[in-house]
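Report on one structure; see the data block that follows.
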Amino acid sequence: MKGLRCAVSLGMAGILAVMGPGAALGATPEFGRSAEEWATLRDDVIEYGEIADLIHEYNATVKKNQIDLNTFRKDYGETNEQWSNRYRELADDLEANLIYPDVDDAGYASMMSSIVSSEQTIKQMRETADDSMEDYMTYYYDFSSAEALLVSQAQTGMINYYLNQLKLQTDLKQLELLQEALRSAISRRDLGLGTDVQVLAAQENIKNAEKAIQDDQSAIDTGKQRLQVLLGWTHDASPEVREIPQVDMARVAAMNPEVDKAQAVENSFSMKSNRRKLENARSQDKQEDLKETIREAEQSISASVYSGYQSVVAAQAAFELSQAQAALEQKNLAATERQFQLGNVSRIDYLTQKNTTETAQINVETARLNLFQAVQAYDWVLNGLAGGSQGGQS
């Protein structure tokens with residue numbers, strides 16, 4: 001059983017995609033997954049590919065949203081007409097229960113104040129019934145968007161967890177080089193070739209490097225805690241975090257923003273919600289307002305697709321450049337090592353080149369993760385999280 005996990009409560013994200021927006025965010029019964037699938041989700045391991053299912057099954061916000069959505073359907077039905085009629089019923093019930101006090105009653109002023117407040121509430125409820133464009137589906141789209149955003153945040157959190165680990169590796173290697181520089185500064189000072197000021201400067205550099213390492217470790221620990229809480233573990237649990245997959249370069253090559261923007265518009269949760277509100281809008285003014293909102297959102301989403309694509313292109317170029325730089329530094333290291341063995345370069349110069357070469361290799365992995373993250377962001381633009389405002393709020 002997954003260590004320190006919440007009980008299973010919600011269905012898998014895949015159900016939403018297969019069943020479509022008309023399906024409720026219902027709980028996944030035990031028979032809703034195979035024993036192997038449940039075992040994978042319940043183990044004490046975080047894998048990138050299972051983040052969406054972990055969010056759907058265990059995230060606290062998703063579970064609360066599911067309760068709220070089910071409560072809404074129970075209280076207000078699924079259609080806008082049912083929603084409006086329910087508000088009118090509540091207003092009528094509240095009005096029917098108003099008891100106006102006699103002017104001579106004790107506490108007349110406070111009682112009338114309460115009556116006036118109730119009358120205002122009744123008026124607002126009837127206005128809501130007349131003007132509202134929401135229904136079960138608009139709330140479904142809002143909650144689906146919230147769940148997708150949580151998945152995106154968790155994916156980013158897992159990528160950042162490894163980016164911070166790479167930064168820690170870089171800073172640890174820098175500390176090794178600085179420690180060697182301190183030893184060299186002390187030796188030179190003792191031989192009369194250096195000064196105490198140079199030694200103090202080297203010591204200060206080490207203190208700064210050690211502080212950077214502490215900050216790196218703190219970022220790693222904090223990021224892991226946030227990630228595991230998002231996925232349903234407690235903050236003090238210790239699940240294993242598996243490696244990030246390789247970038248699907250075929251996916252990158254297949255990107256076509258001119259074609260992909262239609263998918264982004266079609267899948268946008270905000271667009272779905274606004275189109276549903278347009279179907280429910282009664283007044284011409286609200287209809288025109290929503291049509292304009294939808295037109296503007298289409299332009300915004302298209303811009304997001306192109307912007308996301310450019311980010312992928314830039315990240316891919318940076319990845320390829322890092323590979324070329326790493327290959328060059330490897331050649332430089334081989335040359336420096338030969339010169340060091342011949343006594344033509346100092347130990348500190350050799351170690352500096354070795355550090356540069358190893359850091360260049362780390363930079364390749366950093367660039368790979370940045371490219372992976374850019375691809376993830378682009379895919380989320382296409383799969384529902386593209387920009388666009390929620391228009392015509394009632």
Side-chain angles (χ1 to χ4, degrees), residues 46 156-228 235-236 238 240-244 314-315 318-341 343-374:
I46 298 175
T156 297
M158 186 169 176
I159 295 169
N160 286 338
Y161 172 75
Y162 278 104
L163 285 171
N164 287 330
Q165 296 236 17
L166 292 170
K167 186 175 183 303
L168 174 61
Q169 289 181 34
T170 298
D171 288 341
L172 285 170
K173 291 185 178 302
Q174 181 64 17
L175 177 61
E176 291 177 3
L177 186 61
L178 292 173
Q179 289 170 336
E180 183 64 28
L182 174 60
R183 285 191 286 269
S184 176
I186 293 173
S187 177
R188 288 175 60 82
R189 181 199 61 186
D190 293 346
L191 292 172
L193 301 175
T195 66
D196 287 336
V197 172
Q198 291 172 323
V199 172
L200 290 173
Q203 290 173 334
E204 184 65 23
N205 289 337
I206 287 177
K207 289 181 181 178
N208 291 335
E210 289 173 339
K211 175 61 167 59
I213 289 169
Q214 291 175 354
D215 291 343
D216 294 340
Q217 190 60 59
S218 176
I220 291 168
D221 295 341
T222 300
K224 184 173 184 288
Q225 284 184 348
R226 289 174 178 170
L227 174 63
Q228 65 196 41
H235 75 280
D236 55 348
S238 56
E240 176 189 353
V241 182
R242 293 280 170 84
E243 296 291 330
I244 301 295
F319 176 53
E320 292 170 351
L321 179 61
S322 72
Q323 290 176 311
Q325 187 66 39
L328 175 61
E329 294 301 342
Q330 191 64 47
K331 292 179 181 178
N332 290 340
L333 177 60
T336 302
E337 188 170 11
R338 286 194 297 270
Q339 293 300 311
F340 176 61
Q341 291 171 349
N344 294 331
V345 299
S346 67
R347 173 178 170 78
I348 192 66
D349 288 337
Y350 165 69
L351 292 176
T352 298
Q353 180 57 54
K354 186 172 182 291
N355 177 272
T356 300
T357 303
E358 292 173 344
T359 300
Q361 291 293 340
I362 295 173
N363 290 342
V364 172
E365 180 63 10
T366 299
R368 181 188 77 83
L369 290 178
N370 286 333
L371 175 56
F372 188 94
Q373 192 162 33

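Residue indices begin at 1 and follow the sequence shown. Nothing here was measured: the structure is a model prediction, and the numbers come from that model.
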Quick one, Glu329 and Glu358 - any side-chain contact, counting heavy atoms below 4.5 Å? no
Taking it one step at a time, do Ile213 and Leu172 satisfy side chain to side chain contact (heavy atoms under 4.5 Å, CB included)? CA-CA 7 Å; Ile213 289 169; Leu172 285 170; 3.6 Å; yes
Salt bridge (Lys or Arg N to Asp or Glu O under 4.0 Å) filter on Arg347, not counting sequence neighbours, yields Glu180
Separation between CD1 of Ile206 and CD of Gln174, rounded to the nearest 0.5 Å: 10.5 Å
Under the salt bridge (charged side-chain N to carboxylate O under 4.0 Å, His left out) rule, what pairs show up with a residue in residues 201-210, not counting sequence neighbours? none
Does anything in residues 364-373 pair up under salt bridge (charged side-chain N to carboxylate O under 4.0 Å, His left out), and if so which pairs, sequence neighbours excluded? Glu365-Arg368
If you define the side chain from C-beta out and look only at heavy atoms, does anything of Leu177 sit under 4.5 Å from Leu351? yes
How close do Gln203 and Leu182 get, counting heavy atoms only, and between which atoms? CG-CD1, 3.6 Å
Gln165 and Ile220 have their tightest heavy-atom pair at CA-CD1, 3.8 Å
Between atom OG of Ser322 and atom CG of Asn370, what is the distance when rounded to the nearest 0.5 Å? 9.5 Å
Any side-chain heavy atom of Asp349 sitting closer than 4.5 Å to one from Thr336? no
Heavy-atom closest pair (Gln373 atom, Thr156 atom, distance to 0.1 Å) is NE2-CG2, 2.9 Å
Could you check if a side-chain atom of Gln339 sits within less than 4.5 angstrom of a side-chain atom of Tyr350, using non-hydrogen atoms only? no
Which atom of Leu371 lies closest to which atom of Ala315, heavy atoms considered: CA-CB, 3.7 Å
In the structure I gave you, are the side-chain heavy atoms of Gln214 and Lys211 within less than 4.5 Å of one another anywhere? yes
Residue pairs fulfilling ring pair (Phe, Tyr, Trp, His ring centres under 6.0 Å) with at least one residue in residues 354-373, sequence neighbours excluded: Tyr48-Phe372
Start with the C-alpha distance between Leu163 and Thr366, add both sets of side-chain angles, then the distance that settles side chain to side chain contact (heavy atoms under 4.5 Å, CB included), and finish with yes or no. CA-CA 6 Å; Leu163 285 171; Thr366 299; 3.8 Å; yes
I need the Gln353 CD to Ile348 CD1 distance, nearest 0.5 Å. 12.5 Å
Atom pair CZ (Arg183) and CZ (Arg188), whose distance is rounded to the nearest 0.5 Å: 16.0 Å
Please enumerate all residues that pass side-chain contact (heavy atoms from CB on, under 4.5 Å) together with Ser218, with sequence neighbours excluded. Thr222
Counterpart residues, salt bridge (Lys or Arg N to Asp or Glu O under 4.0 Å), relative to Arg226 (two or more places apart): none
Keeping the roles fixed (side chain from Thr359, backbone from Thr170), state whether a donor-acceptor pair exists under 3.5 Å. no
Looking only at heavy atoms, what is the nearest atom pair of Ala318 and Ala367, with distance? O-CB, 4.1 Å
Heavy-atom side-chain proximity of Ile244 to Tyr161 below 4.5 angstrom: no
Atom pair CG/CG of Leu369 and Leu166 - distance to nearest 0.5 Å: 6.0 Å
Leu328 side, atom CG; Leu333 side, atom CG - distance, nearest 0.5 Å: 11.5 Å
Testing the basics here: between Val199 and Arg189, what is the closest heavy-atom pair and its distance to 0.1 Å? CG2-CD, 3.9 Å
Within the 4.5 Å heavy-atom criterion, are Val241 and Lys224 side-chain neighbours or not? yes
Test your reading of the model: is there a side-chain donor-acceptor pair from Gln228 to the backbone of His235, 3.5 Å cut-off? yes
Do Gln169 and Lys173 meet the criterion of a side-chain donor-acceptor pair at a distance under 3.5 Å? no
side-chain hydrogen bond (donor to acceptor under 3.5 Å, both in side chains) between Thr357 and Gln361, intermediate numbers included: CA-CA 6 Å; Thr357 303; Gln361 291 293 340; over 6 Å; no
Is there a donor in the side chain of Gln225 and an acceptor in the side chain of Asp221, or the other way round, less than 3.5 Å apart? no
Side chain to side chain, Asn355 and Glu176, heavy atoms closer than 4.5 Å: no
